[in-house]
Amino acid sequence: MEFAYTDKVEGLRGQIQDFMDAHIVPKIQDWRREVHAGIYPVSFMEELKTTARQQGLWNLFLPGLKAEEPGTPLTNLEYAPLAEIMGRISWASEAFNCSAPDTGNMELLHMFATAEQYDEWLAPLLNGEIRSAFAMTEPDTASSDAANIQTRIERDGDDYVINGRKWWITNAAHPNCQLLIVMGKTDPNADTYHQQSMVLVPMNTPGVKVVRNLTVVNHHHPEGHCEIVFDHVRVPASHLLGEEGSGFALAQARLGPGRIHHCMRSIGAAELALALMTARAQERKTFGRYLHEHGSVAEWISRSRIEIEQARLLILKTAWLIDEKGAKAARKEISMIKALVPMLHTTVLDRAMQAFGAMGVSPDTPLADHWTWGRALRYADGPDEVHHRAVARMEVKESGDYLSLLDAYLTPYEPD
Ligand SMILES: Cc1cc2nc3c(=O)[nH]c(=O)nc-3n(C[C@H](O)[C@H](O)[C@H](O)COP(=O)(O)OP(=O)(O)OC[C@H]3O[C@@H](n4cnc5c(N)ncnc54)[C@H](O)[C@@H]3O)c2cc1C
């Protein structure tokens with residue numbers, strides 16, 4: 001395993017950093033002002049996208065990108081440090097056409113779309129002309145377990161008819177969101193892992209009703225995390241993605257590399273928090289000392305640095321494993337980083353907020369927004385506990401001949 005950044009990656013990191021400094025950071029206030037005024041998408045996003053694309057900083061997340069497709073194909077290992085830089089500002093990745101959930105949806109369509117589905121949905125997504133959402137979670141079922149999903153997708157002649165209620169559907173309030181990838185049951189009598197399928201539902205199909213955009217810890221996100229009702233939504237049978245009954249397998253395929261992206265953006269947010277905390281601790285004094293001269297604050301800085309480095313290395317290892325052996329072989333590491341990083345994200349952000357005093361919970365720093373998103377990531381793409389469960393199950397399975405291990409090491413103490 002070799003995780004040192006290659007010259008190519010160093011060059012791209014420099015390019016992304018320069019882009020952030022020149023085009024994104026100067027727009028932070030404008031973004032806030034416009035979103036608070038209800039202007040969304042913000043007026044300058046299309047210009048940012050055009051500039052990023054002209055510089056080759058486009059669709060960097062898709063290793064399988066073909067020569068004729070727009071963008072720069074990179075391995076997961078190459079992309080990870082770039083996602084980290086984008087993650088310092090919550091809305092930056094859209095400028096590079098690298099934002100979730102479109103990235104996961106594009107990965108899925110890249111693997112499974114028919115030629116017709118490619119032209120209608122994947123081509124405009126790759127061009128950044130439209131956006132999309134992924135609709136799996138339901139208010140009425142414990143959706144950590146995908147086998148529970150109840151939305152019905154029933155075959156009716158040449159169509160499928162969809163009935164159900166979803167919530168937390170990210171992006172569904174984005175005015176450019178034109179596609180929903182919907183997971184639901186096509187055959188409740190099949191075995192557990194073959195009951196579900198995915199269908200492509202145009203956002204403007206009659207019967208699709210966005211009920212509300214849920215706030216996240218009372219934070220409004222303009223792209224939306226929406227509750228959506230599907231009331232007799234009818235789409236042609238050709239809108240099925242993959243095979244009937246393959247929804248579970250598609251969901252697994254979709255979430256592999258996507259988790260790397262979330263985790264690397266979290267590392268970016270944690271790095272920003274650490275940098276701000278360290279700067280603030282050198283500027284403010286209490287009881288005759290700078291904050292960093294107080295032992296507890298020094299320890300927050302030290303622990304944050306140590307934990308960020310550990311997490312980044314595990315993410316890079318996971319990215320490397322996916323590149324070398326595929327997402328299936330890396331599934332333990334994928335669950336490990338997904339269980340680890342959102343908690344690290346909120347922990348480092350929380351320390352930085354504390355170091356800023358009351359300003360830490362104000363809107364005058366990016367810390368509260370980043371903390372909120374870190375907290376949400378402890379559920380998105382599966383809650384921490386589900387990933388710990390997966391890691392523990394694999395660990396138990398791999399533990400081999402544990403009885404002879406116990407025999408060898410557990411020697412009963414026999415007093416003389
Ligand atoms: C901001 C945000 C964006 C999201 N975006 C999307 C999206 O775009 N599309 C989408 O479909 N969903 C999305 N989600 C939903 C997310 O994927 C689900 O919330 C998650 O899968 C958990 O499902 P649930 O909320 O139904 O929790 P439940 O399944 O009801 O679980 C509740 C709790 O039970 C515990 N638990 C569950 N299983 C275990 C276990 N095996 N062992 C121990 N404890 C366990 C966990 O603590 C869990 O939090 C988003 C969520 C948020 C907060």
Does atom [atom1] ([X]) have a neighbourhood of more than 12 heavy atoms from anything else shown, all under 6.0 Å?
| X | atom1 | result |
| --- | --- | --- |
| R378 | CZ | yes |
| K66 | NZ | yes |
| R331 | CZ | no |
| D191 | CG | yes |
| E10 | CD | yes |
| R303 | CZ | no |

Under the salt bridge (Lys or Arg N to Asp or Glu O under 4.0 Å) definition, can you give me all pairs with a residue in [range], not counting sequence neighbours?
| range | value |
| --- | --- |
| residues 350-359 | E307-R351 |
| residues 27-36 | K27-D30, D30-R33 |
| residues 116-126 | none |

What's the spacing between [X] [atom1] and [Y] [atom2] if we round to 0.5 Å?
| X | Y | atom1 | atom2 | result |
| --- | --- | --- | --- | --- |
| S362 | M353 | OG | CE | 9.0 Å |
| E129 | K49 | CD | NZ | 8.5 Å |
| D21 | I16 | CG | CD1 | 11.5 Å |

Among residues two or more places apart or on two chains, list those pairs meeting ring-ring contact (aromatic ring centres under 6.0 Å, His included) that have a residue in [range].
| range | result |
| --- | --- |
| residues 226-245 | none |
| residues 290-310 | none |
| residues 8-34 | F19-H23, F19-F96, W31-W91 |
| residues 68-88 | Y79-H261 |

Any donor-acceptor pair under 3.5 Å from [X] side chain to [Y] backbone:
| X | Y | result |
| --- | --- | --- |
| Q282 | T278 | yes |
| E47 | F44 | no |
| R165 | V229 | no |
| H220 | H36 | no |
| K166 | M183 | yes |
| S335 | K332 | no |
| Q196 | I149 | yes |
| Q117 | S238 | yes |
| N163 | D231 | no |
| T186 | I153 | no |

Beyond-backbone contact of [X] with [Y], side-chain heavy atoms, under 4.5 angstrom:
| X | Y | value |
| --- | --- | --- |
| T72 | L65 | no |
| R88 | H370 | no |
| M343 | T347 | yes |
| F356 | L276 | yes |
| E107 | L62 | yes |
| D369 | S90 | no |
| D140 | E138 | no |
| N204 | Q178 | no |

ask   = Does the pair E2 and W320 meet the rule for a side-chain contact (heavy atoms from CB on, under 4.5 Å), with working shown?
value = CA-CA 8 Å; E2 173 60 79; W320 177 86; 5.9 Å; no
Return the set of residues passing side chain to side chain contact (heavy atoms under 4.5 Å, CB included) with [X] (not counting sequence neighbours), or none when no residue passes.
| X | result |
| --- | --- |
| D381 | L255, R259, H262, K338 |
| N97 | W58, N59, M106 |
| S132 | D102, N105, L125, L179 |
| A190 | D187, H194, Q195 |

ask   = Who are the ring-ring contact (aromatic ring centres under 6.0 Å, His included) partners of W371, not counting sequence neighbours?
value =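 W371 satisfies ring-ring contact (aromatic ring centres under 6.0 Å, His included) with no other residue.
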E94/R131 under salt bridge (Lys or Arg N to Asp or Glu O under 4.0 Å): CA gap, chis, key distance, verdict = CA-CA 10 Å; E94 184 175 1; R131 297 208 58 189; 3.3 Å; yes
request  = Could you please spell out the steps behind the side-chain contact (heavy atoms from CB on, under 4.5 Å) verdict for M86 and L60?
outcome  = CA-CA 12 Å; M86 296 174 199; L60 303 160; 3.8 Å; yes
Grab the two heavy atoms, one from [X] and one from [Y], that are nearest each other, plus how far apart they are.
| X | Y | value |
| --- | --- | --- |
| C177 | N171 | CB-O, 3.3 Å |
| L241 | L250 | O-CD1, 3.5 Å |
| V216 | T372 | O-CG2, 3.2 Å |
| N213 | A173 | ND2-CB, 4.2 Å |

ask   = Name the one of L74, N76, L82 that satisfies side chain to side chain contact (heavy atoms under 4.5 Å, CB included) with E78?
value = L74
key: Trace of the salt bridge (Lys or Arg N to Asp or Glu O under 4.0 Å) decision for E385 with R389   = CA-CA 6 Å; E385 294 77 13; R389 172 178 179 264; over 6 Å; no
request  = Show your reasoning for whether side-chain contact (heavy atoms from CB on, under 4.5 Å) applies to L314 and V341.
outcome  = CA-CA 10 Å; L314 189 53; V341 174; over 6 Å; no
message = Is the distance from the ring center of H221 to that of W373 below 6.0 Å?
response =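 Centroid distance H221-W373: below 6.0 Å, so yes.
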task = Give the C-alpha distance, both sets of side-chain angles, the deciding distance and a yes or no for side-chain contact (heavy atoms from CB on, under 4.5 Å) between T318 and M336.
result = CA-CA 9 Å; T318 309; M336 283 160 66; over 6 Å; no
ask   = Using a distance-only test with no angle check, is there a side-chain donor-acceptor pair under 3.5 angstrom linking Y160 and E244?
value = yes
task = Take the angle between the ring planes of H174 and Y40 and call it parallel below 30°, perpendicular above 60°, tilted in between.
result = perpendicular
